[in-house]
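Along the sequence shown, the residues carry numbers beginning at 1.
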Amino acid sequence: KDGSWRHLQAIGRNLSNNPSVGGIVLNSRDITERVAAETQLRSERDLFARQVTIMTDLATRNLFELGLQAAYRTITEQASAALLVERVSVWLYGASGDEVECVDLYVKSTGNHASGERLNRSREVFEREIEERIIAIDDVATDERAADLRSQVYEPRGIGAILDASIWSEGACLGWLTLCHVGGTREWSVAEQGIAIALASYCARIVENEERRKTEQALRESELNFRSIAEGSPVPLLITRLTDGIILYANPSVGPVLG
């Protein structure tokens, strides 16, 4: 009586030749709940199959060899395919922690990527909001957790539900991976939330690898600068190891001095 559709299973018997009946008899039963359970089971099975495929692909593919932007694009595309969402984006905090920048946005319907959008959202506030590293909002129109970005971000883009998985490294929140459902509300399952958290962990690894690459590059440049200065210096320069006196480095000016 609430206007919803019901599923019925019916068995009919032709008793038109039976004088006491003179017609067709139908016995039916309501199987709406069974159909709903079977549909949910198929949905979960399909989700698990997509998860296995995508996680296997990410595990066997060296994201760090793709380059920073290509790695983020791979994550957002795979997240869209796994959870069947229209928009997926990766947001990272700047040094101040008061502003986040979108390092990649993937829109499934167009296949396009974009980046560069910035939002004023404090790292401190976001860390207080996050629970178990995930924020699942089924309806952005009514959930107060979406109030700060509702009119600025969600409503203009037709976003009805969001799933935010925070990106953490060494105890610090670096940003978040956002999955956006366009066109109405959506109830995020526990399995979907788990996939989002796993994909956010890949984002953390990308950030950590990039920081390590920058550190190693700076070290190489520092060593090159040192050698350039030391080897051109007329002043003898000798570096030895304190523990055993082994010479680690000597510039060309040392030769004439030591003979």
key: Atom of A200, atom of S166 and distance for their closest heavy-atom approach   = CB-O, 3.6 Å
request  = Give, for atom CD of E208 and atom OG of S201, the distance between the pair rounded to the nearest 0.5 Å.
outcome  = 9.5 Å
note = For D143, the salt bridge (charged side-chain N to carboxylate O under 4.0 Å, His left out) test, sequence neighbours excluded, returns R145
inquiry  = Ignoring hydrogens, what is the shortest heavy-atom contact between S89 and L105? Give both atom names and the distance.
reply    = CB-CD1, 3.9 Å
ask   = Salt bridge check: are R118 and E101 linked by an N-O gap of less than 4.0 Å?
value = yes
request  = Answer yes if the side chains of E86 and S109 hold a donor-acceptor pair under 3.5 Å, and no otherwise.
outcome  = yes
ask   = Side-chain contact, heavy-atom cut-off 4.5 Å: K108 with V88?
value = no
remark   = In this structure, CH2 of W176 is separated from CG of L92 (nearest 0.5 Å) by 9.5 Å
query = If you take all heavy atoms of A204 and W168, which pair is closest and at what distance?
reply = CB-O, 3.3 Å
query = Under a single-linkage definition using a 4.5 Å side-chain heavy-atom cutoff for Ile, Leu, Val, Met, Phe, Trp and Tyr, are V107 and I162 assigned to the same hydrophobic cluster?
reply = no
key: Polar side chain donor-acceptor pair, N225 to S228, under 3.5 angstrom   = no
request  = Measure the shortest side-chain to side-chain distance between Q152 and L149 over non-hydrogen atoms and say whether it is less than 4.5 angstrom.
outcome  = yes
inquiry  = For R29, is the CZ atom crowded, meaning more than 12 foreign heavy atoms sit under 6.0 Å from it?
reply    = no
task = For S233 and N251, work out which heavy atoms get closest and say how close.
result = O-ND2, 3.8 Å
request  = With the side chain counted from C-beta on, respond yes when W91 and L119 share a heavy-atom pair under 4.5 Å apart, and no when they do not.
outcome  = yes
ask   = Just how far is it from atom CG of D138 to atom CZ of R186, taken to the nearest 0.5 Å?
value = 10.0 Å
key: Heavy atoms of other groups near E187 CD, more than 12 under 6.0 Å   = no
remark   = To the nearest 0.5 Å, atom OG of S80 lies from atom CD1 of I75 at 13.0 Å
message = Any side-chain to backbone donor/acceptor pair from T74 onto A70? Under 3.5 Å, distance only.
response = yes
key: Salt-bridge present (R6, E33; N to O < 4.0 Å)   = no
request  = May I ask you to check whether T178 and D164 show a side-chain donor-acceptor distance below 3.5 Å?
outcome  = yes
remark   = Distance col, row L237:CG vs I229:CD1, nearest 0.5 angstrom, shows 11.0 Å
I11 CD1: over 12 foreign heavy atoms closer than 6.0 Å = no
query = With the 4.5 Å side-chain cut-off for hydrophobic clustering, are Y202 and L174 part of the same group?
reply = yes
inquiry  = Give me the atom names and distance for the closest heavy-atom approach of A136 to W188.
reply    = CB-CD1, 4.1 Å
task = Would you mind reporting whether V103 and S115 have side-chain heavy atoms less than 4.5 Å apart?
result = no
request  = Report the C-alpha separation of E77 and H113 in whole Å, then their side-chain angles, then the decisive distance to 0.1 Å, and conclude whether the side-chain contact (heavy atoms from CB on, under 4.5 Å) test is met.
outcome  = CA-CA 9 Å; E77 289 178 10; H113 290 266; 2.6 Å; yes
query = Does any non-hydrogen side-chain atom of V207 lie less than 4.5 Å from one of Y72?
reply = yes
message = What I want to find out is whether R157 reaches E117 closely enough, with some N-O distance under 4.0 Å, to be called a salt bridge.
response = yes
request  = Please answer: with hydrophobic residues joined when any side-chain heavy atoms are less than 4.5 Å apart, are L84 and Y106 in the same cluster?
outcome  = no
request  = Give, for atom CD of Q9 and atom CG of D30, the distance between the pair rounded to the nearest 0.5 Å.
outcome  = 10.5 Å
key: Residue pair I247 / I239, side-chain heavy-atom distance below 4.5 Å   = no
task = Give the cluster check for L177 versus L83: same hydrophobic cluster or not, with ILVMFWY residues linked at side-chain heavy-atom distances below 4.5 Å.
result = yes
inquiry  = Quick one, E216 and E211 - any side-chain contact, counting heavy atoms below 4.5 Å?
reply    = no
request  = Scan R87, R150, H181 and name whichever one has a side-chain contact (heavy atoms from CB on, under 4.5 Å) with I159.
outcome  = R87
query = V85 and A79: which non-hydrogen atoms are nearest, and at how many Å?
reply = CG2-O, 4.3 Å
query = Are a donor atom and an acceptor atom from the side chains of D104 and T76 found within less than 3.5 Å of each other?
reply = yes
inquiry  = Would you say that T240 contacts I246 through its side chain, given a criterion of any heavy-atom pair below 4.5 Å between the two side chains?
reply    = no
